[in-house]
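Just so it is clear, the values below take in all heavy atoms, side chains as well, and ignore hydrogens, waters and symmetry mates.
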Amino acid sequence: MKQTHPVVIIGAGPIGLAAAAHLLERNQEVRVLEAGAGPGAAMQAWGHIRLFSTWRYNIDAAARRLLETPGDGYAGDWEAPRETKLPTGAQMVGDYLRPLAEHPGMAPHISYGHRVLLVTRVQADGRSADKTRSAGRDDALFLVRTATARGIEDIMARAVIDASGTWGNPNPVGRSGIEAIGEAAARASGSITAPLPDPLGSDLGHFAGKRILVLGAGHSAANTLISLGRLRQKHPETTVLWGLRGPANPVKLYGGGAADQLPARGQLGTSLRRFVENGDITILENLAVTSLEQADGLSVNLADGRSLVVDLVVPATGFRPNLAMLSELRLDLEAIVEAPRALGPLIDPEFHSCGTVSAHGERVLAHPEPGFYIVGMKSYGRAPTFLMATGYEQVRSIAAALAGDRAAADNVELQLPETGVCSTDLGGSCDTPVPAEAAAGCGTPETDSGSCCDTPEPLAIGFATGTRHGHADLVGTREE
């Protein structure tokens with residue numbers, strides 16, 4: 001009876017649609033549930049950002065075959081973008097994901113406006129099979145509860161692939177992994193912005209002339225800071241503060257600049273350093289946010305007694321997986337990064353960059369819950385080193401396993417550029433982005449295969465820049 005039910009895929013981003021393409025190629029029944037109104041909804045949210053990785057690494061093999069093969073009512077005339085070009089998020093959607101989602105072989109299998117709330121299991125006769133029930137569990141169906149415009153809908157599945165990403169679940173700005181007091185209210189009011197705003201485009205009016213604090217030290221922070229540095233040059237009344245959770249380290253923060261073997265990454269560090277040295281960006285060190293208070297501006301209160309008042313906080317603090325929706329499933333997660341247990345040691349950011357992560361497939365991603373998999377950015381949990389090509393290999397292997405082809409499932413391979421192309425803190429995305437304007441205007445070559453990874457060695461999360469000074473004169477001591 002299970003074979004009469006589809007494999008449900010959560011998310012119509014690049015990894016979710018790739019999973020569907022591989023399953024359809026193997027004649028498996030598929031249903032893709034997407035919360036947004038179209039494919040790549042998360043990418044559309046940062047459509048102004050340009051990726052470091054070229055098209056060569058951003059198109060899945062099965063998806064390409066589907067798009068390029070003529071069929072009933074389909075001419076097969078899709079042309080892949082030039083493989084050496086660096087796409088923006090919007091171009092990824094418009095030139096690849098949308099044509100893939102609209103393909104007549106794919107479109108009938110996608111349901112938009114379906115936000116998954118919970119995943120559990122039920123017996124074929126409808127009896128309960130919650131997390132504590134072991135008898136007959138392997139043969140039980142999955143029940144996927146979704147919220148739609150028509151109300152709540154339960155969908156039955158023989159297997160579930162969670163490719164929902166992490167974009168909608170940002171890390172808090174508060175210390176130690178929890179929200180600061182008043183953080184929820186600050187988000188609701190708009191004082192805490194989206195993680196990747198567009199201050200030179202659609203958000204110009206919201207940022208110009210404001211006092212802005214960017215929290216974070218990854219590439220998302222660098223992208224936003226460079227845009228804000230350019231904004232301040234046009235609107236000098238704007239104040240840009242860069243808040244770091246620890247002390248600034250010039251080597252980690254600015255990188256190798258012109259000496260970097262990866263021009264896109266080196267240029268990012270060079271541009272950021274220039275804005276700091278010119279005084280367009282001011283660094284604040286050792287910021288542990290305890291509370292946020294809204295009055296005349298937003299007061300950001302710190303653990304060491306300091307406080308500062310700003311108009312906007314940009315939370316470039318990374319993302320984490322939403323595991324609440326999976327609370328009735330038996331998951332085996334590594335304790336530190338919240339990835340599948342066998343995958344955790346392979347992606348530990350203390351020791352691995354994306355270019356040093358081994359190819360892995362269905363066996364590594366399996367949980368004690370048969371037929372359930374977390375893939376893509378979400379499979380890496382809190383580790384920030386996910387690579388889009390890695391996700392494509394994940395779902396190829398899983399599709400083979402679900403179709404009964406054990407040999408193909410176990411034969412995992414991954415062709416990466418020499419150093420890899422990884423993400424640092426862009427949740428739900430696929431590769432580390434660089435602002436479109438920066439890529440176009442700072443000499444980044446389109447032919448660069450791009451990467452943010454180095455040779456295997458212990459490394460720290462974050463983008464390399466900084467100064468030895470905390471600019472304490474900008475931060476007053478809060479009265480107790």
Quick check for you: to the nearest 0.5 Å, what is the distance between Ile161 atom CD1 and Leu402 atom CG? 5.5 Å
Compare every heavy atom of Ile10 with every heavy atom of Met325, then report the nearest pair and how far apart it is. CE-CD1, 3.9 Å
Evaluate the ring planes of Trp55 and Tyr96, with Trp represented by its six-membered ring, and classify them as parallel (under 30°), tilted (30 to 60°) or perpendicular (over 60°). perpendicular
How far apart are the C-alpha atoms of Val144 and Arg31, what are their side-chain angles, what is the distance that settles it, and do they pass the side chain to side chain contact (heavy atoms under 4.5 Å, CB included) test? CA-CA 11 Å; Val144 183; Arg31 186 168 181 187; over 6 Å; no
Salt bridge or not between Glu285 and Arg245? Use side-chain N to carboxylate O under 4.0 Å. no
Is the closest basic N to carboxylate O distance between Glu34 and Arg115 below 4.0 Å? no
Check Pro340 against His367 and note the closest heavy-atom contact, atom names and distance. CG-NE2, 3.8 Å
With a 4.5 Å cut-off on side-chain heavy atoms, are Arg406 and Glu362 touching? yes
Where the side chain of Thr148 meets the backbone of Gly113, is there a donor-acceptor pair that is under 3.5 Å apart? no
So CG of Leu241 and CG of Leu287: to nearest 0.5 Å the spacing works out to 9.0 Å
For Arg320 and Asn169, which I'm curious about, is there any donor-acceptor pair between the side chains at under 3.5 Å? no
Can you check whether Gly201's main-chain N or O pairs, donor with acceptor, with Asp198's side chain at less than 3.5 Å? yes
pair Leu272-Trp242: side-chain heavy atoms closer than 4.5 Å: yes
Under 3.5 Å, is there a donor-acceptor pair between the side chain of Asn58 and the main chain of Thr54? yes
Do you know which two heavy atoms are closest between Leu225 and Ile281, and how far apart they sit? O-CD1, 3.5 Å
Distance from Thr88 atom OG1 to Ile49 atom CD1, nearest 0.5 Å? 9.5 Å
Other residues, nucleotides and ligands only: do more than 12 of their heavy atoms fall within 6.0 Å of CD1 on Ile336? no
Tell me, with the steps shown, if Ser134 and Arg330 meet side chain to side chain contact (heavy atoms under 4.5 Å, CB included). CA-CA 10 Å; Ser134 296; Arg330 296 178 177 181; 2.9 Å; yes
Salt-bridge criterion met for Arg341 and Glu334 (N-O under 4.0 Å): no
So do the side chains of Met388 and Tyr57 get within less than 4.5 Å of each other, counting heavy atoms only? no
Looking only at side-chain N and O atoms, does Ser291 offer a donor or acceptor that is under 3.5 Å from a partner on Asn301? yes
Criterion side chain to side chain contact (heavy atoms under 4.5 Å, CB included) on Val300 and Val309, from CA distance to verdict: CA-CA 6 Å; Val300 181; Val309 176; over 6 Å; no
Spatial distance of atom CE (Met106) from atom CG (Leu17) [nearest 0.5 Å]: 5.5 Å
Residues Pro172 and Arg187: closest non-hydrogen pair is CA-NH2, 4.0 Å
Correct closest heavy-atom pair for Ser227 and Pro199 would be CB-CG, 3.6 Å
Could you go through the side chain to side chain contact (heavy atoms under 4.5 Å, CB included) check for Asp60 and His22 one step at a time? CA-CA 9 Å; Asp60 172 72; His22 282 280; 3.0 Å; yes
Would you call Arg145 and Glu153 a salt bridge, using N to O less than 4.0 angstrom? no
Over all atoms of both residues, closest heavy-atom pair of Gly376 and Gln394: N-OE1, 2.8 Å
Between Glu338 and Arg382, is the salt bridge (charged side-chain N to carboxylate O under 4.0 Å, His left out) condition met? List the steps. CA-CA 6 Å; Glu338 296 181 327; Arg382 300 193 188 194; 3.2 Å; yes
